[in-house]
Amino acid sequence: MRAVVTGVIASRYFIAACFALFLLLRLALILLIPVTQESDAAQYFRLAQSIGAGAGYTEHGMPTAYWPVGYPGFLGGLFAVFGSHPVVGQLANLTLAAASFFLVLGLTRRIFQSETTARVAVLLLALYPNHIAYTPLLLTELLFTLLVLAGCWLAMFHGGRRAAIVAGLIFGLATLVKPQTLLLPAMLILLGLMSRSGRLEVHRRLRNGLLLYLALMAVLVPWSARNFLVLGSPILVSTNGGVNLLIGNNPSADGGYLEDDALLAQRRFSLADQVAADQRAKALATQWIAAHPRRFLELMPLKALRLWGWDGEADWSYRIGFANYHAFANVFRGVRAANQVYYFGLLALFLASIAMLPGRLARLTVPWIFFGYAFVLYTTLISLIVFGAPRFHFPLMPWIIMYASWVVSEWLLHRVDAPSVTTPLSDHARRDATGAVQVPRAVDHQGLDHA
């Protein structure tokens, strides 16, 4: 059976078939299940309409920075050219997802030094129900996921100045979509400096890191200047950081998104006063945390559970936005249950990859093999401070799939029980220009990499 599976994966048509399946499943959902945009998606759509119509980034005619501008700005540019119809954004989402497919393929090949792992990864991504379900929804996740993957691809595997600058521009755009992106390049820089490399290589990495952050700030500074001109404060990205902190830290907080506590009303939000309202919210949250440190710590496991305990949150958008949802409720429930099993399987394989890691570092691309783990930890820490929600782990799933695919490919190629590699790199191993470990590998008769 294992030989049959490896033979299929090794087929010259396998990647093309995975990509066709990837596109077909997502396009079918757009065409067959008309879903109206609700909640956050509806807000992004309205803001994009304002931009597309030339009215600027406004709500009810008033300038705003409450919602990060990245995704509405992306949609607004498309609406200005193609018209402000949801299908424009849905097809754009399909294009973003398709680009992510190839970035996952390329990143997995380079990080794990394994064609088999890369092929398994794109198959798992193609079949992942929750990823499919996001395609018709005008939400930030698909754009943000693509930008992070693209920025990492350039920062990890293209060591020149130009690549560092382009990566910085990409991470700058990602920061306009989700402000927490700001520290992700720093993680890449630190990982690069941790690799075994000479003084010249350290200087090159520091130089590229500086160029990256200069390019990133070149994206953010104009938006901050705009905020200063229209809001009277040089807000770097958005004015909702304080309220997000307060949502997760108040007397009624349960670890998730809960916005009906009386403490939140004290921020007295209005569009005209959004900067001060955000500052009030931050002050209320920090005061509550200082007064209730034990409860703040008790909420952390609940926040982690909200972040990682469930998946398939896209179902909620169909439940309220698809007119015939109840007629097909059993189908949706079945898909949701299957997705949850799929998700738990991916998490289990991801955790298994941590146990496998120490004995196999000589076959992996160090230091970039550690980035996915660092990204997961970083996102978890943010949720422990603010609040947890399944949407927050969506951009992490391509990385979790990469590690899960590595475990699967090790099993397929009989590597799971292989002896641990604990000796220094042999004379046959070398490091490329990025400091990555490169180990010559044999290829078996099926075209799969074999230790």
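The first residue of the sequence shown is numbered 1, and numbering continues consecutively from there.
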Subject >> Residue pairs passing the salt bridge (Lys or Arg N to Asp or Glu O under 4.0 Å) test where at least one lies in residues 294-306, sequence neighbours excluded >> reply: Asp254-Arg306, Arg294-Glu298, Arg295-Glu298

**OP:** With rounding to the nearest 0.5 Å, note down the distance linking CG in Leu147 to OG1 in Thr181.
**Re:** 8.5 Å

**OP:** Before giving the answer on ring pair (Phe, Tyr, Trp, His ring centres under 6.0 Å), spell out for Trp399 and Phe371 the whole-Å C-alpha distance, their side-chain angles and the decisive distance to 0.1 Å.
**Re:** CA-CA 9 Å; Trp399 298 90; Phe371 176 78; 5.0 Å; yes

Side-chain donor-acceptor distances from residues 184-191 under 3.5 Å, at least two apart:
none

**OP:** Check whether any side-chain N or O of His60 sits under 3.5 Å from a backbone N or O of Met62 as a donor-acceptor pair, and report yes or no.
**Re:** no

Original post:
Between Asn249 and Ala285, is there a donor-acceptor pair closer than 3.5 Å when you use the side chain of the first and the backbone of the second?
Top reply: no

Original post:
Does Glu410 pair with Arg360 as a salt bridge, N-O distance under 4.0 Å?
Top reply: yes

**OP:** Take Thr117 and Met402 through the test side-chain contact (heavy atoms from CB on, under 4.5 Å) and record every step on the way to the result.
**Re:** CA-CA 7 Å; Thr117 302; Met402 293 182 209; over 6 Å; no

Original post:
Cut-off 3.5 Å, side chains only: do Gln340 and Tyr342 have a donor facing an acceptor?
Top reply: no

Subject >> Test log, rule side chain to side chain donor-acceptor pair (under 3.5 Å), inputs Gln49 and Arg46 >> reply: CA-CA 5 Å; Gln49 283 182 309; Arg46 287 191 293 268; over 6 Å; no

Original post:
Do we get Arg110 above Phe112's six-membered ring, with its NZ or CZ under 6.0 Å from the centre and within 45° of the axis?
Top reply: no

**OP:** Kindly determine whether Tyr403 and Tyr373 satisfy ring pair (Phe, Tyr, Trp, His ring centres under 6.0 Å), including the steps that lead there.
**Re:** CA-CA 9 Å; Tyr403 291 95; Tyr373 299 120; 4.3 Å; yes

Original post:
salt bridge (Lys or Arg N to Asp or Glu O under 4.0 Å) with Arg162: which residues, sequence neighbours excluded?
Top reply: none

Original post:
Which residue pairs satisfy the salt bridge (Lys or Arg N to Asp or Glu O under 4.0 Å) criterion with at least one member in residues 309-319, sequence neighbours excluded?
Top reply: Asp315-Arg319, Asp315-Arg336

**OP:** Using atom types as modelled and distance alone, determine if a side-chain donor or acceptor of Thr286 lies under 3.5 Å from a backbone N or O of Ala283.
**Re:** yes

Subject >> For Ser409 against Ser114, the heavy-atom pair lying closest together >> reply: OG-OG, 4.3 Å

Original post:
Is there a donor-acceptor contact under 3.5 Å from the side chain of Thr239 to the main chain of Tyr66?
Top reply: yes

Original post:
Applying salt bridge (Lys or Arg N to Asp or Glu O under 4.0 Å), which residue pairs with at least one partner in residues 152-161 are found, sequence neighbours left out?
Top reply: none

**OP:** Assign the ring pair Phe45 / Phe79 to parallel, tilted or perpendicular, where the plane angle (0 to 90°) is split at 30° and 60°.
**Re:** perpendicular

Subject >> ring pair (Phe, Tyr, Trp, His ring centres under 6.0 Å) between Tyr325 and Tyr318, intermediate numbers included >> reply: CA-CA 7 Å; Tyr325 180 91; Tyr318 292 89; 8.0 Å; no

Subject >> Shortest non-hydrogen separation from Leu75 to Gly89 and the atoms involved >> reply: CD2-CA, 3.7 Å

**OP:** Write down the atom of Pro129, the atom of Val335, and the distance for their closest heavy-atom approach.
**Re:** CB-CG1, 4.3 Å

**OP:** Locate the shortest heavy-atom distance separating Val237 from Pro179; write the atom from each residue and the value.
**Re:** CG1-CG, 3.7 Å

Original post:
Can any side-chain N or O of Asn250 pair as donor or acceptor with the backbone N or O of Ile247 at less than 3.5 Å?
Top reply: yes

Subject >> Approximate separation, where rounding is to 0.5 Å, of Thr108 OG1 and Glu115 CD >> reply: 10.0 Å

Original post:
Quick one: are the ring centres of Tyr57 and Trp223 less than 6.0 Å apart?
Top reply: yes

Original post:
Okay, side chain of Tyr213, backbone of Asn208: is any donor-acceptor separation there less than 3.5 Å?
Top reply: no

Original post:
Do Ser353 side-chain atoms and Phe350 backbone N/O form a donor-acceptor pair below 3.5 Å?
Top reply: yes

**OP:** Verify side chain to side chain donor-acceptor pair (under 3.5 Å) between Gln43 and Gln37, making sure each step is shown before the conclusion.
**Re:** CA-CA 8 Å; Gln43 182 66 16; Gln37 306 301 319; over 6 Å; no

**OP:** Tell me, with the steps shown, if Leu29 and Thr135 meet side-chain contact (heavy atoms from CB on, under 4.5 Å).
**Re:** CA-CA 8 Å; Leu29 199 59; Thr135 313; 5.5 Å; no

Original post:
Distance from Ile401 atom CD1 to Leu124 atom CG, nearest 0.5 Å?
Top reply: 6.0 Å

**OP:** Under the side-chain contact (heavy atoms from CB on, under 4.5 Å) rule, what do Phe332 and Ile33 come out as? Steps first, then yes or no, please.
**Re:** CA-CA 12 Å; Phe332 279 96; Ile33 303 184; 4.1 Å; yes

**OP:** Please list all pairs passing the salt bridge (Lys or Arg N to Asp or Glu O under 4.0 Å) test where one or both residues lie in residues 385-402, with sequence neighbours left out.
**Re:** Asp40-Arg391, Glu141-Arg391

Original post:
How about Phe144 and Phe394: are their ring centres within less than 6.0 Å of each other?
Top reply: no

**OP:** Mind listing the closest non-hydrogen atom pair of Ala121 and Ser405 along with its distance?
**Re:** CA-OG, 3.0 Å

Original post:
Going from OG1 on Thr140 to CG on Leu138, what distance comes out if it is rounded to the nearest 0.5 angstrom?
Top reply: 11.0 Å

**OP:** Please answer whether the main-chain N or O of Arg268 pairs with a side-chain N or O of Arg280 as donor and acceptor at a distance below 3.5 Å.
**Re:** yes

**OP:** Run the ring-centre check on Phe22 versus Phe101 and record whether the distance is less than 6.0 Å.
**Re:** yes

**OP:** Give the intermediate values and the outcome of side-chain contact (heavy atoms from CB on, under 4.5 Å) for residues Arg226 and Val230.
**Re:** CA-CA 6 Å; Arg226 173 265 185 192; Val230 301; 3.8 Å; yes

Subject >> Sub-6.0 Å ring centroid separation between Phe102 and Phe19 >> reply: yes

**OP:** Verify whether the ring centers belonging to His393 and Tyr343 lie closer than 6.0 Å.
**Re:** yes

Original post:
What is the distance from atom OG of Ser39 to atom CD1 of Ile320, rounded to the nearest 0.5 Å?
Top reply: 6.0 Å

**OP:** Just do the side chain to side chain donor-acceptor pair (under 3.5 Å) check on Gln113 and Thr365 with the steps written out, would you?
**Re:** CA-CA 7 Å; Gln113 294 292 296; Thr365 304; 3.2 Å; yes

**OP:** May I have the step-by-step check of side chain to side chain donor-acceptor pair (under 3.5 Å) for Ser383 and Trp308, ending in yes or no?
**Re:** CA-CA 10 Å; Ser383 291; Trp308 292 111; over 6 Å; no

**OP:** Identify the heavy atoms of Ala126 and Leu25 that sit nearest to each other, and give their distance.
**Re:** O-CD1, 3.6 Å

